[in-house]
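Written out below as structure tokens is the structure these notes cover.
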Amino acid sequence: MPHSATSFTSKLPEVGTTIFTKMSALAGAFDAINLAQGFPEFDCAPGLQALVSKYMKLGKNQYAPMAGVSALREAITQKINTYNHCSYDPDLEITITSGATEALYVAISAVVRPGDEVIVFEPAYDSYVPAIRMSGGVPVYVTLDPRFQKIDWEQVSTRISTRTRAIIVNTPNNPSGYVWTREDLLQLDTLASRHDLIVISDEVYEHIIFDGRKHLSVSSVKSLAERSFICGSFGKTFHITGWKLGYCLATAAFMVEFRKIHQFMVFSVITPFQFAIAEFLNEPEHYLELSAFYQRKRDLFNDALKATGFDIRPTEGSFFQNAGYAGLSEENDLALAERLTREIGVASIPVSSFYAAPVSYKVLRFCFAKNDDTLLKAAERLGKISWQ
Ligand code: PMP
Ligand code: GLN
């Protein structure tokens with residue numbers, strides 16, 4: 001018999017189990033192809049696995065420094081110097097975290113005070129709003145179509161008030177795939193400096209970007225970098241989502257506050273894996289080839305989906321493809337995602353779960369970080385949908 005918790009008042013009454021956990025469980029229960037939760041079906045490089053065991057055998061098995069192993073912080077500095085043309089001091093401005101999830105949570109906790117408003121673009125990744133609420137903040141939404149191709153900066157400026165403290169950016173965006181342009185960064189810079197906003201930028205898909213587009217980090221605009229926390233992850237870049245290793249970049253003054261929280265949340269993160277990634281970063285081809293690798297998969301999957309009737313606009317970045325079905329069915333996206341998992345054996349994510357209020361968009365999100373035969377098999381099954 002479970003114990004009762006009669007006097008326990010939830011701090012997050014509106015939060016349930018995440019849609020990613022739910023859809024993965026449903027996929028498991030019905031033995032469906034899981035294109036729902038975003039994770040690669042393929043393994044990470046054997047060379048990277050060998051490096052983990054090398055550093056374990058070298059005895060790198062005790063606590064890492066609180067800010068992270070210095071070899072890894074230095075390797076990140078080198079990488080962003082070369083590719084983002086900006087510089088962060090490895091000792092003062094970089095912290096290694098337990099995935100981007102921790103980096104985002106800590107940055108939000110460091111910034112948001114009770115009553116502060118935070119601008120959140122919808123569709124939004126699910127971890128931002130609970131973190132804002134845990135700090136007593138208030139999310140203020142800029143609501144966009146799930147397949148938006150442009151940011152409505154008019155709408156953004158109308159959402160800013162004297163209580164606005166921060167704004168959350170996600171480029172490339174999960175789930176829309178939208179990739180921020182230089183113009184977007186300049187608009188953000190103007191608004192952020194006019195209203196003295198802090199920027200929290202989620203850039204976990206920085207290396208998965210298509211059709212010749214370039215990732216423009218918030219750190220590439222100096223005045224923005226000075227007011228930003230940039231959160232990254234190695235999970236997507238090296239096919240290691242289960243390692244939960246990420247990092248945060250911010251100016252030294254911001255990083256002091258970030259580390260005050262990080263040190264009491266996890267203190268430090270897994271040591272031999274940090275050494276392994278530090279050494280692996282010496283081979284840039286692993287991340288430089290990632291966009292081409294995923295673009296081919298995106299195109300293969302989209303071609304195979306042509307026969308299904310879904311409305312497909314090729315995603316600009318991330319490993320997610322959205323598929324519209326307005327005109328084919330009146331069914332809501334959650335009901336359809338669940339039915340497809342049960343009846344045809346393909347799991348997806350209903351994009352309405354990236355919105356705070358109920359929405360009626362008819363769009364499913366499919367993860368294409370899968371083997372080619374899995375993608376082809378899923379598309380073939382999706383061709384057999386009986387629309388209701
Ligand atoms: N941000 C976005 C947009 C994501 O899709 C994810 C999910 N993987 C994360 C953050 C979390 O990254 P990590 O697994 O490194 O915590
Ligand atoms: N980022 C992954 C996605 O969007 C999910 C990660 C998680 O399950 N929390 O599918």
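Note that the structure is predicted; figures quoted are calculated from it, not measured. Throughout, residue positions are numbered sequentially from 1 according to the sequence presented. Counting convention: from 1, in listed order, for ligands and their atoms alike.
Within a 6.0 Å sphere centred on CZ of R339, other residues, nucleotides and ligands contribute more than 12 heavy atoms.
Counting only heavy atoms from C-beta outward, the side chains of L35 and F301 approach each other to under 4.5 Å.
Within the 4.0 Å heavy-atom criterion, the part of R365 lying near ligand 2 is the side chain and not the backbone. For N174, every heavy-atom contact with ligand 2 shorter than 4.0 Å involves the side chain, none the backbone. Contacts between F39 and ligand 2, counted as non-hydrogen atom pairs separated by less than 4.0 Å, are absent for every part of the residue.
Inspection of the K244 and T101 side chains reveals an N or O donor paired with an N or O acceptor under 3.5 Å.
Any N or O atom pair closer than 3.5 Å counts here, and Y205 shares at least one such pair with ligand 1. Distances between N or O atoms of N170 and those of ligand 1 include no value under 3.5 Å. Note: an N/O pair closer than 3.5 Å links K244 and ligand 1 by distance alone. The distance criterion of under 3.5 Å between nitrogen or oxygen atoms is not met by L245 with respect to ligand 1. Between N174 and ligand 1, a contact under 3.5 Å exists for at least one N or O pair. Polar contact check, G38 against ligand 2: a nitrogen or oxygen pair lies under 3.5 Å apart. For ligand 2, the polar-atom distance check finds an N/O of Q37 within less than 3.5 Å of one of the ligand's N/O atoms.
The aromatic rings of F310 and F366 sit perpendicular, their planes meeting at an angle over 60°, well past the 30° parallel limit.
Using a 4.0 Å cut-off to heavy atoms of G99, the atoms of ligand 1 that qualify are 15 (O), 16 (O). When each atom of ligand 1 is checked for a heavy atom of A100 under 4.0 Å away, the hits are 12 (O), 13 (P), 15 (O), 16 (O). The atoms of ligand 1 that sit less than 4.0 Å from any heavy atom of S233 are 13 (P), 15 (O).
Partner H239 forms a ring-ring contact (aromatic ring centres under 6.0 Å, His included) with one of F293, F39, F234 and no other, that one being F293.
Atom 6 (C) of ligand 2 has Y125 OH, 3.4 Å as its closest protein atom, hydrogens excluded (heavy atom only). What sits closest to atom 8 (N) of ligand 1 on the protein, heavy atoms only, is K236 NZ, 1.8 Å.
Taking 4.0 Å as the cut-off between side-chain N and carboxylate O, D211 and R298 count as a salt-bridged pair. At a threshold of 4.0 Å, the pair E380-K377 does not count as salt-bridged, since none of the basic side-chain nitrogens sits closer than that to a carboxylate oxygen. A salt bridge does not link K150 to D152: none of the charged nitrogens lies less than 4.0 Å from a carboxylate oxygen. A salt bridge links E206 to K79: at least one charged side-chain nitrogen sits closer than 4.0 Å to a carboxylate oxygen.
Using a distance-only test at 3.5 Å, with no hydrogens or angles considered, no donor-acceptor pair links the side chain of R133 to the main chain of L12.
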